[in-house]
Structures are given as structure tokens and as C-alpha cells.
Amino acid sequence: MDRFTGSDLLCIRGERMVFTGLDFEVAAGGALILVGPNGSGKSSLLRLMARLLKPVAGTMAWNGADVSDDPDAHNARLHYVGHMDAVKPVLSVAENVRFWAGLRTKGGESPIAATARALETFG
């Protein structure tokens, strides 16, 4: 059965250690329930799992293989929808779209081509 695991994860945001020594395991079709007060690292862990952030230490693996060894395969397995607005106001529309296109492209399409296609689609 497929498994996504994290072991001995360390997350630092800004200059604050959010969590250290964190382990998780999620089997295919399973769920990981995160409970805790604001600032305890729930969103940070989800961002690590989606590879939007990199852990300072520790590893995340899919069926024992480090997800950083094949980021395209990992990106194809997940869909991340955060609770905050994902549009960065310091970036242009094209730069915002290019960032997200870089996480998920069709058939090896470059992020630049995916950005152009998306901008044309939405006018």
C-alpha cells in the first residue's frame, strides 16, 4: 500500500522554530488530522508536505523514496489548497501564474508555456 511519510522534520519560519522532530505517516486513502492552536505549525506542515517550503532537517518520502528525488512525481500526486490567498501582491499576474504553473504542468510543458496558455485562456 502506498505511504507518504515524514521523519524528524524541523521547520523554521522567520527566526522561530515552529516544530522539531515531527514524524507522520499517511497511507493511501488515509487522513492526517492536524489539531492545535494558531501558530503551532499546522499550515507550515501542509506547506512542507506540498513542497512549498523545505524542511530545515528531516525527510519526506513516498513509499520509502525521498520526494525531493522526483519532485515532478510528487507534485503530480497532490493538490494543495491553502486557507490564505495564494496571490502574492508583490508579483505581477504573470509571475503569480508562473509560480503555480511550475508546480503542475501538462506533459513536460515549460512553466513559461503553461503561463502563456493560462493567461490566454483567462484573457
Side-chain angles (χ1 to χ4, degrees):
M1 176 176 284
D2 290 334
R3 294 193 180 284
F4 183 33
T5 60
S7 63
D8 203 24
L9 295 171
L10 167 60
C11 178
I12 296 176
R13 302 289 305 265
E15 295 185 14
R16 183 175 83 83
M17 182 174 62
V18 180
F19 53 78
T20 186
L22 189 139
D23 298 324
F24 70 85
E25 181 174 323
V26 182
L32 178 64
I33 300 171
L34 303 175
V35 178
N38 287 345
S40 63
K42 299 178 301 291
S43 295
S44 293
L45 176 59
L46 293 174
R47 292 177 66 80
L48 285 176
M49 293 169 79
R51 292 186 41 84
L52 296 173
L53 294 176
K54 292 186 180 182
V56 174
T59 59
M60 289 183 293
W62 181 262
N63 292 334
D66 192 315
V67 297
S68 63
D69 291 344
D70 192 353
D72 291 337
H74 184 66
N75 289 344
R77 285 188 290 267
L78 64 90
H79 298 278
Y80 173 81
V81 179
H83 66 285
M84 304 270 303
D85 184 2
V87 175
K88 305 298 179 207
V90 297
L91 300 178
S92 69
V93 171
E95 290 167 330
N96 272 285
V97 171
R98 189 173 305 121
F99 170 78
W100 293 105
L103 296 177
R104 186 172 301 273
T105 58
K106 291 184 176 182
E109 180 180 37
S110 76
I112 292 171
T115 300
R117 183 174 45 80
L119 292 174
E120 182 178 322
T121 297
F122 290 103

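Between R16 and G39 the shortest heavy-atom distance is NH2-O, 2.9 Å. The minimum heavy-atom distance between S40 and P37, with the atom names listed, is OG-O, 2.8 Å. Across all their heavy atoms, V67 and R51 have their closest contact at CG2-CD, 4.0 Å.
Between the CD1 atom of I12 and the OG atom of S44 there is a distance of 11.5 Å, given to the nearest 0.5 Å. Rounded to the nearest 0.5 Å, atoms NZ (K54) and CZ (R47) are 13.5 Å apart. Atom-to-atom distance recorded for D69:CG and D66:CG is 4.5 Å, nearest 0.5 angstrom. Residue S110 holds its OG atom at 9.5 Å from CZ of R98, rounded to the nearest 0.5 Å. Atoms CE and OG1, on M49 and T5 in that order, are 9.5 Å from each other to the nearest 0.5 Å.
Taking hydrophobic clusters as Ile, Leu, Val, Met, Phe, Trp and Tyr residues chained together by side-chain heavy-atom distances below 4.5 Å, V56 does not share a cluster with L45. By the rule that hydrophobic residues join a cluster once side-chain heavy atoms approach within less than 4.5 Å of another member, W62 and L52 end up as members of one cluster.
Each ring pair (Phe, Tyr, Trp, His ring centres under 6.0 Å) pair with one or both residues in residues 10-45, not counting sequence neighbours, appears once here: F4-F24.
Within the 4.5 Å cutoff, no side-chain heavy atoms of D2 are placed close to those of R77. The side-chain heavy atoms of P55 and L10, taken from C-beta on, include no pair separated by under 4.5 Å. In this structure the side chain of T59 never reaches within 4.5 angstrom of the side chain of D8, judged on heavy atoms. Between M60 and L9, the closest side-chain pair of non-hydrogen atoms falls below 4.5 Å. Residues R13 and L53 have side chains in contact (heavy-atom distance under 4.5 Å, counting atoms from C-beta outward).
Test V18, L22, T20 against C11 for side-chain contact (heavy atoms from CB on, under 4.5 Å) and you get one pass: V18.
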Let me check something: any side-chain donor-acceptor pairs from residues 25-33 under 3.5 Å, sequence neighbours excluded? List them with distances.
from : atom 1 : to : atom 2 : distance (Å)
E25  : OE2    : R3 : NE     : 3.3
E25  : OE2    : R3 : NH1    : 3.0

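Heavy-atom neighbours of L91 CG from other residues, nucleotides or ligands within 6.0 Å: above the threshold of 12.
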Inset, instruction - Determine, step by step, whether L46 and K42 satisfy the side-chain contact (heavy atoms from CB on, under 4.5 Å) criterion, reporting the C-alpha distance in whole Å, the side-chain angles of both residues, the deciding distance to 0.1 Å, and the verdict. - result: CA-CA 6 Å; L46 293 174; K42 299 178 301 291; 5.8 Å; no
